[in-house]
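Taking it in order: structure first as structure tokens, then the write-up.
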Amino acid sequence: MLPAFTHPWDLTPADAAALQRTLRGRVEIRPLPPVRTAAALDVSFSKFAKELVGGAVVVDVETGDVLEERVLVGSATFPYVPGLLSFREGPVLSEILMRLKTPVDLILCDGQGLAHPRRFGIACHLGVLFGIPSVGCAKSLLCGDCREPGEKRGSSTRLIHNGDVVGRAVRTRDGVKPVFVSPGHLADFDDSVRLILRLASRYRLPDPIRRAHRLVNEARRRFGL
DNA sequence: GCGACAG
DNA sequence: ATCTTGTCGC
């Protein structure tokens, strides 16, 4: 029985987790549909103003063109707690996602997906809430262990937590620190890694995420926050 | 009790 | 994440 809600964020954490378990159990992970557009999300935090500046950059995955950009300011109603990032950054990001005009085939998150103590990082959360494929790409580890990937771009190793494979450490550039990729929703490990490598050809982080990062930081400064 | 700990 | 200048290296 799916919970009723008017706004995606009205789902409680338990609802969302139950919903994902249901989906993962009953919905075959079909081949990921063609990903033509991707929305990268990020948040910049103003320490003294106690406000979050969220942003999304929608790109054409094939050409790399920016199709849409959107920023929104929200208050920090929840503290940063490792494992509960969704409840700090989720509200403003979901609000932004609802306001996007461009159809989005993939949500790209700056954080974990499956590689989470409860297997439900922010990438899973947003993907499930919107019913859109999603992938988590984090710069550091929240939980789990892995061996060091080979030094060349494209090499990766499995990320394991409590006996589960929860993601992969992926080298996106020769000799640079790997990123930690994990499925969010409707994408498997190979899908996730393939997408991240496709989007991160020039820098360590996927280009859309870098753009989202710059977008929110510039916006925060423009707003005097 | 101790250490770890996305952004 | 944020607070911050210069600096080491390809």
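Below, chains carry the letters A, B, ... as their sequence lines are ordered, and counting in each starts from 1. Treat the numbers as computed from the prediction; the structure is a model and nothing was measured.
Among the atoms of the strands shown, base atoms are found under 4.0 Å from some heavy atom of A:Ile122. Residue A:Gly136 is classed as having no contact, given no heavy-atom separation below 4.0 Å to the nucleic acid. Note on A:Leu225: nothing from the nucleic acid sits closer than 4.0 angstrom, heavy atoms only.
Here A:Lys47 does not reach the OP1 or OP2 of C:dA1: none of its side-chain N or O atoms lies under 4.0 Å away. Distances shorter than 4.0 Å separate some side-chain N or O of A:Ser44 from OP1 or OP2 on C:dT2. Taking side-chain N and O atoms only, A:Asn217 has no distance below 4.0 Å to OP1 or OP2 of C:dA1. Phosphate proximity of B:dC5 to A:His116: absent, as no side-chain N or O sits under 4.0 Å from OP1 or OP2. Applying the 4.0 Å criterion to OP1 and OP2 of C:dT2, one finds that A:Arg220 has a side-chain N or O inside that range.
Regarding A:Phe48, its CZ atom lies at a distance of 9 Å from the P atom of C:dC3, rounded to whole Å. Regarding A:Leu142, its CG atom lies at a distance of 15 Å from the P atom of C:dA1, rounded to whole Å. One atom, CZ of A:Arg221, and another, P of C:dT4, lie 12 Å apart when rounded to the nearest Å. Taking atom CG of residue A:Asp174 and atom P of nucleotide C:dC10, one finds them 15 Å apart after rounding to whole Å. Atom CG of A:Asp145 is separated from atom C1' of B:dC5 by 13 Å (rounded to the nearest Å). Atom CZ in A:Arg118 sits about 11 Å away from atom C1' in B:dC5, given to the nearest Å. In this entry the distance linking CZ of A:Arg173 with P of C:dC10 reads 15 Å, nearest Å.
Salt bridge present: A:Asp110 and A:Lys139 bring a charged side-chain N and a carboxylate O closer than 4.0 Å. Contact check on A:Glu151 versus A:Arg171 returns a salt bridge, with a Lys/Arg side-chain nitrogen under 4.0 Å from an Asp/Glu carboxylate oxygen.
Side chain of A:Gln112 to main chain of A:Ser140: a donor-acceptor pair is present (N/O by atom type, distance under 3.5 Å, no hydrogens or angles).
Under the side chain to side chain donor-acceptor pair (under 3.5 Å) test applied with A:His125, the options A:Ser94, A:Ser86, A:Ser134 reduce to a single match, A:Ser86.
Stacking annotation: A:Tyr80 is stacked on the base of B:dG7 (ring centroids less than 5.5 angstrom apart, interplanar angle below 30 degrees).
The aromatic rings of A:Phe78 and A:Phe87 lie tilted to each other, with the angle between the two planes from 30° to 60°.
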